[in-house]
Amino acid sequence: MPAAPTAADTAAQQPVAQGRFRQATVQVGEIIEFELTSRHAPALEIIFPDSAASFAPFEYVSRRYRPTRTRQGRSLDQAVYRLRTFSLDSVLTLSVPVTVLRGRDTLLLPTPPVQVRLRRTAPATVQSGEVPALRQNLQLQPVAARFNYPYWLAGLAGVLLLAGGLVLGFRQRLRLRYRRYRLRKNHAYFLAQYARHVERFTLSRSLTNMERAITLWKNYLSTLTGFNITSLTTREIVARYNHDPAVRQALALADRVIYGNQFFEEDTETDVIFDLLRQFAERQYAQVTLEGE
């Protein structure tokens with residue numbers, strides 16, 4: 001007595017999927033849609049082909065599919081493949097493999113072949129051996145502009161090399177110009193702050209404002225010459241600047257006013273202190289600027 005057919009045998013006898021082209025003819029290189037449909041039992045697992053499968057004589061372009069839908073005990077799988085061909089056969093035949101999974105069994109079943117006719121665009125030859133007339137199309141077609149990365153990268157590299165060469169060639173000059181700019185900016189700031197302290201002293205006649213002005217002067221000279229004089233005594237500062245008469249006279253008057261309590265509001269010698277210190281700072285600024293050249 002013969003054995004009863006298994007589910008795998010039944011699936012092998014009946015196609016599990018049907019395919020069809022959505023149009024009757026196709027041109028060379030034209031996109032054509034191929035619809036693959038499978039109606040099967042819900043327990044049967046069907047796997048449609050992907051981009052790695054063979055679609056000869058067509059080439060795979062893309063696909064879209066719908067999720068499996070089950071109604072009244074039947075499941076429906078459907079996918080639409082976008083294909084194209086460059087074959088010159090008059091009739092093109094397509095059959096794709098469909099995978100069936102059931103337990104440990106795996107079956108690869110081809111779909112029934114379907115055909116589509118090739119639509120030719122070249123005129124038929126009237127007589128044997130006659131060369132057909134070629135159709136010319138000289139109309140210009142728009143081409144999208146593309147960014148030329150190699151040329152832009154080469155240009156950018158050239159600009160960077162040029163900038164690097166300029167920096168290396170004029171590094172000393174640029175450094176000197178920047179140093180002059182910083183000296184000029186710091187000197188202008190010092191003169192403005194110094195004048196403000198002097199004005200406050202003139203209005204208030206407060207020794208605190210005089211001390212602040214002298215401290216500002218010491219800090220500026222320390223920054224200007226690169227030698228800290230803020231912690232030096234008056235004698236050491238005078239010696240540092242080679243016993244400059246302006247520095248010696250101004251600091252001596254300042255010590256007598258601040259530490260000797262010899263200050264009178266109508267005393268005009270305090271104005272001399274500020275003038276001498278400011279003039280010395282300006283001479284030092286001019287000297288440092290010339291030395292930088």
Side-chain angles (χ1 to χ4, degrees), residues 1-126 128 130-135 137 139 141-144 146:
M1 182 177 180
T6 63
D9 296 334
T10 303
Q13 297 173 2
Q14 298 179 356
V16 295
Q18 300 284 343
R20 71 178 183 90
F21 288 104
R22 288 190 168 183
Q23 58 192 67
T25 60
V26 64
Q27 291 184 2
V28 173
E30 180 185 10
I31 299 295
I32 186 172
E33 292 188 345
F34 175 76
E35 182 181 272
L36 187 61
T37 305
S38 174
R39 291 181 172 86
H40 55 86
L44 196 64
E45 296 187 17
I46 304 296
I47 300 178
F48 282 0
D50 56 9
S51 59
S54 174
F55 293 87
F58 293 87
E59 295 181 358
Y60 175 88
V61 177
S62 64
R63 71 168 178 172
R64 62 180 186 273
Y65 60 90
R66 295 179 180 178
T68 303
R69 294 174 294 175
T70 302
R71 293 180 180 177
Q72 298 179 356
R74 298 293 293 176
S75 295
L76 173 64
D77 291 325
Q78 191 174 33
V80 177
Y81 297 84
R82 301 180 75 243
L83 311 174
R84 64 182 164 205
T85 183
F86 295 94
S87 175
L88 300 180
D89 295 338
S90 299
V91 179
L92 303 174
T93 303
L94 176 63
S95 176
V96 297
V98 177
T99 303
V100 179
L101 300 178
R102 187 174 180 85
R104 297 184 178 180
D105 295 334
T106 300
L107 297 177
L108 194 64
L109 303 178
T111 61
V114 291
Q115 296 180 339
V116 63
R117 297 185 62 83
L118 183 69
R119 186 168 69 252
R120 300 183 181 274
T121 56
T125 304
V126 179
S128 176
E130 181 181 354
V131 179
L134 300 179
R135 293 185 300 177
N137 184 4
Q139 184 178 0
Q141 297 294 326
V143 178
R146 300 182 65 182

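Taking all atoms of both residues into account, the shortest heavy-atom contact from Leu109 to Val100 is CD1-CG2, 3.9 Å. Considering all non-hydrogen atoms of both residues, Ile31 and Gln23 come closest at O-OE1, 4.4 Å. Heavy atoms only, all atoms of each residue included: Val98 and Val16 are closest at CG1-CG2, 3.9 Å. Across all non-hydrogen atoms, the minimal contact from Pro113 to Thr93 is CB-CG2, 3.6 Å. Taking each heavy atom of Val28 and Ser87 in turn, the nearest pair found is CG2-O, 3.9 Å.
By the side chain to side chain donor-acceptor pair (under 3.5 Å) test, Arg66 pairs with Gln78, sequence neighbours left out. Under the side chain to side chain donor-acceptor pair (under 3.5 Å) criterion, Ser75 pairs with Thr70, not counting sequence neighbours. Remark: Glu30 pairs with Arg119 by the salt bridge (charged side-chain N to carboxylate O under 4.0 Å, His left out) rule, at least two apart or across chains. Remark: Arg20 pairs with Glu35 by the salt bridge (charged side-chain N to carboxylate O under 4.0 Å, His left out) rule, at least two apart or across chains. Under the side chain to side chain contact (heavy atoms under 4.5 Å, CB included) criterion, Pro112 pairs with Pro15, Gln18, not counting sequence neighbours. Remark: Glu59 pairs with no residue by the salt bridge (charged side-chain N to carboxylate O under 4.0 Å, His left out) rule, at least two apart or across chains. Contacts of Phe58 classified as ring pair (Phe, Tyr, Trp, His ring centres under 6.0 Å), with partners at least two apart in sequence or in another chain: Phe21. Listed by chain and residue number, nothing satisfies the salt bridge (charged side-chain N to carboxylate O under 4.0 Å, His left out) test with Arg71 (two or more places apart in sequence, or in another chain).
Counting heavy atoms from C-beta on, the side chains of Thr85 and Leu92 come closer than 4.5 Å. With a 4.5 Å cut-off on side-chain heavy atoms, Phe34 and Leu94 count as touching.
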Show every donor-acceptor pair shorter than 3.5 Å between a side-chain atom in residues 39-54 and any protein atom, with sequence neighbours excluded, or say none if there are none.
residue, atom, partner, partner atom, Å
His40, ND1, Leu44, O, 3.2
His40, NE2, Asp77, OD2, 2.9
Asp50, OD1, Ala52, N, 3.1

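In this structure, Thr25 OG1 and Ile32 CD1 are separated by 7.5 Å, a value rounded to the nearest 0.5 Å. Note that CZ of Arg120 and CG of Leu88 are 6.5 Å apart. Values are rounded to the nearest 0.5 Å. The OG1 atom of Thr99 sits 9.0 Å away from the CG atom of Leu107 when rounded to the nearest 0.5 Å.
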Exercise. Going through the checks in order, is the side chain to side chain contact (heavy atoms under 4.5 Å, CB included) test met by Val96 and Leu36?
Worked result: CA-CA 9 Å; Val96 297; Leu36 187 61; 4.1 Å; yes
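Pairs of residues two or more places apart, or lying in two chains, never qualify as ring-ring contact (aromatic ring centres under 6.0 Å, His included) while including a residue from residues 96-115. The ring-ring contact (aromatic ring centres under 6.0 Å, His included) pairs that include a residue from residues 78-117 are Phe55-Tyr81, where partners are two or more places apart or lie in different chains. For the salt bridge (Lys or Arg N to Asp or Glu O under 4.0 Å) condition, no pair includes a residue of residues 78-94, sequence neighbours left out.
Of the possible polar contacts, one joining the Ser95 side chain to the Thr111 backbone as a donor-acceptor pair under 3.5 Å is found.
Under a 4.0 Å N-O distance rule, the pair Glu33/Arg64 qualifies as a salt bridge.
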